[in-house]
A.B. asks: 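Below: one structure in structure tokens.
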Number of protein chains: 2
Amino acid sequence: MANIQDVAQRAGVSRSTVSYALSGKRAISRKTRERIEAAIRELGFTPNAGARALATSQTLVIGLFVHFFQDEFSPAMLQYVLPIADAAREAGYDILMVTETDGPKALERISSSEMVDGVVLLNVAHEDPRLPVMRKIRQPGSMVGLPKNTEGFDVFDLDFEESGRVLVDHLAERGHREIVLITPRKDVYDRGGAYAWRFQNAALQQAARYGMRVHWFHGETQQPAVNRQIGEILDANVGTAMIVHNDAVIAALPSVLHARGVRVPDELSVVGIFSEDFGQLFNLPYTAVETSPDKLGRLAVQALVQHMLDPERAGAHRVELIAPQITDRGSTK
Amino acid sequence: MANIQDVAQRAGVSRSTVSYALSGKRAISRKTRERIEAAIRELGFTPNAGARALATSQTLVIGLFVHFFQDEFSPAMLQYVLPIADAAREAGYDILMVTETDGPKALERISSSEMVDGVVLLNVAHEDPRLPVMRKIRQPGSMVGLPKNTEGFDVFDLDFEESGRVLVDHLAERGHREIVLITPRKDVYDRGGAYAWRFQNAALQQAARYGMRVHWFHGETQQPAVNRQIGEILDANVGTAMIVHNDAVIAALPSVLHARGVRVPDELSVVGIFSEDFGQLFNLPYTAVETSPDKLGRLAVQALVQHMLDPERAGAHRVELIAPQITDRGSTK
DNA sequence: CTGAAAGCGCTTACAG
DNA sequence: CTGAAAGCGCTTACAG
């Protein structure tokens with residue numbers, strides 16, 4: 001591998017001149033620059049990332065910390081990861097992807113060995129065990145998922161409370177007065193998946209405001225439990241509409257309804273909350289709040305990049321709950 | 001951040017002694033070792049990754065190169081990524097995940113800046129444009145997906161030819177003499193997704209051997225085209241069994257069959273080829289060849305690790321096509 | 001069993 | 001507009 005010294009020699013200049021030509025941090029005469037560029041091309045030179053990181057304290061790498069929980073429906077995760085990787089690359093960063101179960105320990109390790117300039121946390125819980133670590137590390141952090149204490153971080157999430165409300169509104173406007181609400185599994189609540197109760201509480205409150213009756217269930221996540229549960233709920237035959245905040249349930253719903261000959265929206269109105277891509281993947285014909293994983297992922301990266309470039313501004317943090325938008329797929333009446 | 005010099009000072013030893021205590025590469029007296037360990041603990045010292053990489057020419061990072069193709073069904077990818085990340089961590093490596101569209105360029109960049117010790121390529125095509133780059137870089141490479149020329153690499157894949165054969169055998173043994181074969185989309189063939197034609201050719205040949213008649217279709221990948229196509233194929237009403245080698249089609253099949261009241265296996269036998277996890281995700285009740293993404297991902301990492309640890313042995317490469325195993329879910333008769 | 005020093009490949013004040 | 005040199009934080013022969 002050619003190093004900067006080889007390039008300098010071939011171009012007949014000093015190493016510093018090559019370095020400055022590379023960074024553009026000082027003016028270089030046209031002739032010199034051309035000789036350097038030629039030498040770089042001929043030798044196929046690329047600066048050594050480790051050496052550069054050592055000299056500049058900058059790695060140009062972002063750590064992406066992802067958890068995969070058994071009680072969540074995995075394919076959803078990829079929808080965040082890809083846009084994050086894309087946004088990072090656009091800003092000149094690569095992605096170190098960390099999936100370890102022991103998130104706090106991994107975070108500590110990656111941070112203190114200075115492998116990354118900043119960190120994106122996905123699927124952040126109410127009292128996420130990674131946050132105490134985040135507060136003491138050097139690198140700025142950005143997250144998707146709203147924790148209890150957002151101080152010091154850029155936080156992005158869907159406004160789940162408003163999402164709960166608009167879906168209830170949507171059904172109330174159409175005259176529904178008794179509905180079924182299916183939320184994430186109990187485990188999600190237990191481990192502090194705040195999006196679960198933020199959505200649910202707001203939905204229940206709003207329903208109460210309308211004098212609606214709500215039959216609330218924690219949805220299952222694994223087959224065949226999912227199908228069985230949906231069947232039982234349908235057997236109970238309560239309500240004229242269903243709000244589903246559970247990926248596994250909504251994905252299974254079309255086939256169960258089909259099998260039972262339940263017609264949407266004639267016999268049952270259905271609304272959900274999932275991303276466009278997810279809906280497409282499972283061919284879901286339901287009106288739903290768009291969860292915008294791509295938007296959230298990109299926002300998280302962009303905010304992080306700002307902090308990495310301008311550490312002075314480290315005080316100014318952003319908490320943004322993006323407004324829900326309903327995509328009407330005609331599954332209500 | 002504490003560095004090795006701070007630790008040395010606090011422990012009253014030289015930097016080299018600290019370094020050796022860390023690596024275990026030479027004997028250290030018990031007393032000295034304990035003082036060093038205490039100092040490390042008290043200062044919260046972790047070696048700087050960039051400096052270490054610079055000194056050792058080892059990053060302890062593996063580059064994972066993933067492509068996401070529109071004509072493929074994305075959730076399948078995650079099944080490879082997670083086991084790879086796990087296996088890497090077990091061996092002491094982190095994962096730099098690269099998803100850029102221009103794979104060859106990204107590979108060149110990551111390799112020549114020495115950001116990784118080795119590379120895993122996913123979803124390798126017959127004449128994959130990343131392979132010429134792979135051949136000239138310093139780092140060893142391991143791949144999932146069988147290319148035309150495997151020389152110089154560790155390659156792991158399912159034995160798709162044998163897979164095609166065993167599924168045909170399975171149907172032949174049950175007396176089927178006219179079947180439908182649904183393969184990946186044409187685009188997959190065009191870009192050199194060899195698994196598509198390896199499976200298909202072997203299946204067609206084997207069927208010919210039995211004197212079977214085969215109706216072959218390129219399956220769609222996006223809804224609603226998938227459902228429409230399945231409908232058309234069923235309308236044609238040819239054959240008593242169906243072999244599906246297409247994730248999107250097999251995922252959509254239960255609901256389409258349900259909607260039409262086609263009973264499996266009474267009226268139609270169905271076999272597929274997909275992973276256990278995928279089957280679970282979509283609740284697929286079909287007998288199928290297990291594609292073992294976790295096993296393939298782990299094998300790729302393990303082989304890579306061997307080469308990274310022992311570059312001398314760089315000549316010995318492994319091409320392993322794992323034998324298909326049928327999971328009988330009772331969807332044939 | 002331990003230390004002093006060279007070296008890995010960059011960047012960046014300092015000097016001219 | 002350019003160069004010589006220090007320094008980033010490690011590891012590892014060399015020496016004792």
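The chains referred to below are lettered A, B, ... by the order of the sequence lines, with proteins before strands, and numbering in each begins at 1. If you're wondering where the values come from, they're calculated on a predicted model, not measured in any experiment. The analysis underlying the following values was restricted to heavy atoms, covering all of them including side chains, and did not include hydrogens, waters or symmetry mates.
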A.B. asks: Just to be sure I understand the rule, does A:Thr32 reach a base, reach only the sugar-phosphate, or reach nothing, if contact means heavy atoms closer than 4.0 Å?
C.D. replies: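 A:Thr32: backbone/sugar contact only, no base atoms under 4.0 Å.
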A.B. asks: Would you mind classifying the nucleic acid contact of B:Ser19 as base, sugar-phosphate or nothing, using non-hydrogen atoms under 4.0 angstrom?
C.D. replies: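 Base contact - B:Ser19 has a heavy atom under 4.0 Å of at least one base atom.
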A.B. asks: Would you call A:Arg135-A:Glu151 a salt bridge at under 4.0 Å N-O?
C.D. replies: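 A:Glu151 and A:Arg135: not salt-bridged.
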A.B. asks: Give every donor-acceptor pair under 3.5 Å between a side-chain atom in residues 295-305 of chain B and any protein atom, sequence neighbours left out.
C.D. replies:
residue  : atom : partner : partner atom : Å
B:Arg298 : NH1  : B:Glu90 : OE1          : 3.3
B:Arg298 : NH2  : B:Glu90 : OE2          : 3.0

A.B. asks: Show me the pairs that pass salt bridge (charged side-chain N to carboxylate O under 4.0 Å, His left out) and involve residues 56-68 of chain B, at least two apart or across chains.
C.D. replies: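 Sorted pair list comes back empty.
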A.B. asks: Nearest 0.5 Å please: distance from the CD atom of B:Glu100 over to the CG atom of A:Asp86.
C.D. replies: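 Reported value, rounded in 0.5 Å steps: 9.0 Å.
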A.B. asks: About how many Å separate CG of B:Leu131 and NZ of B:Lys148, when rounded to the nearest 0.5 Å?
C.D. replies: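 If we round to the nearest 0.5 Å, B:Lys148:NZ and B:Leu131:CG are 11.0 Å apart.
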A.B. asks: On DNA chain D, check which nucleotide each of A:Arg33 and B:Arg15 is closest to and give me the residue with the more 5' one.
C.D. replies: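 It is A:Arg33, whose closest nucleotide lies nearer the 5' terminus.
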A.B. asks: Counting only N and O atoms by type, is there a donor-acceptor contact under 3.5 Å from the side chain of A:Asp117 to the main-chain atoms of A:Thr59?
C.D. replies: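 Judged by distance alone, yes, a pair lies under 3.5 Å.
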A.B. asks: Please check: side-chain N/O of B:Gln139 versus main-chain N/O of B:Val116, any donor-acceptor pairing under 3.5 Å?
C.D. replies: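 Between the backbone of B:Val116 and the side chain of B:Gln139 there is a qualifying donor-acceptor contact (under 3.5 Å).
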A.B. asks: I'd like to check the salt bridge (charged side-chain N to carboxylate O under 4.0 Å, His left out) partners of A:Arg130; sequence neighbours left out, ordered by chain and number.
C.D. replies: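 If we apply the salt bridge (charged side-chain N to carboxylate O under 4.0 Å, His left out) test to A:Arg130, skipping adjacent residues, the hits are A:Asp128.
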A.B. asks: Checking A:Thr291 side chain against A:Ser275 main chain: does a donor-acceptor pair fall under 3.5 Å?
C.D. replies: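 Side chain of A:Thr291 to backbone of A:Ser275, a donor-acceptor pair under 3.5 Å: yes, one is there.
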A.B. asks: Using modelled atom types only, decide if a donor and an acceptor are shared between the side chain of B:Arg15 and the backbone of B:Gln5 within a distance under 3.5 Å.
C.D. replies: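 It does not hold such a pair.
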A.B. asks: Looking for any heavy atom pair under 4.0 Å, which part of the strands does B:Thr56 touch: base, sugar-phosphate only, or nothing?
C.D. replies: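 Sugar-phosphate contact only - B:Thr56 comes under 4.0 Å of backbone atoms but never of a base.
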A.B. asks: At a heavy-atom distance below 4.0 Å, which nucleotide of DNA chain D is the first touched by chain B, and which is the last?
C.D. replies: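 Endpoints of the contacted stretch of DNA chain D: D:dG9 to D:dC14.
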A.B. asks: Quick one, which residues of residues 23-31 of chain A touch DNA chain D with a heavy atom under 4.0 Å?
C.D. replies: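 DNA chain D contact set from residues 23-31 of chain A: A:Arg26, A:Ala27, A:Ile28, A:Ser29.
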A.B. asks: If a stem is a run of at least 3 consecutive Watson-Crick or G-U pairs, both distances under 3.5 Å, which stems include DNA chain D?
C.D. replies: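 Stems for DNA chain D, defined as runs of 3 or more consecutive pairs: C:1-3 with D:14-16, C:5-12 with D:5-12, C:14-16 with D:1-3.
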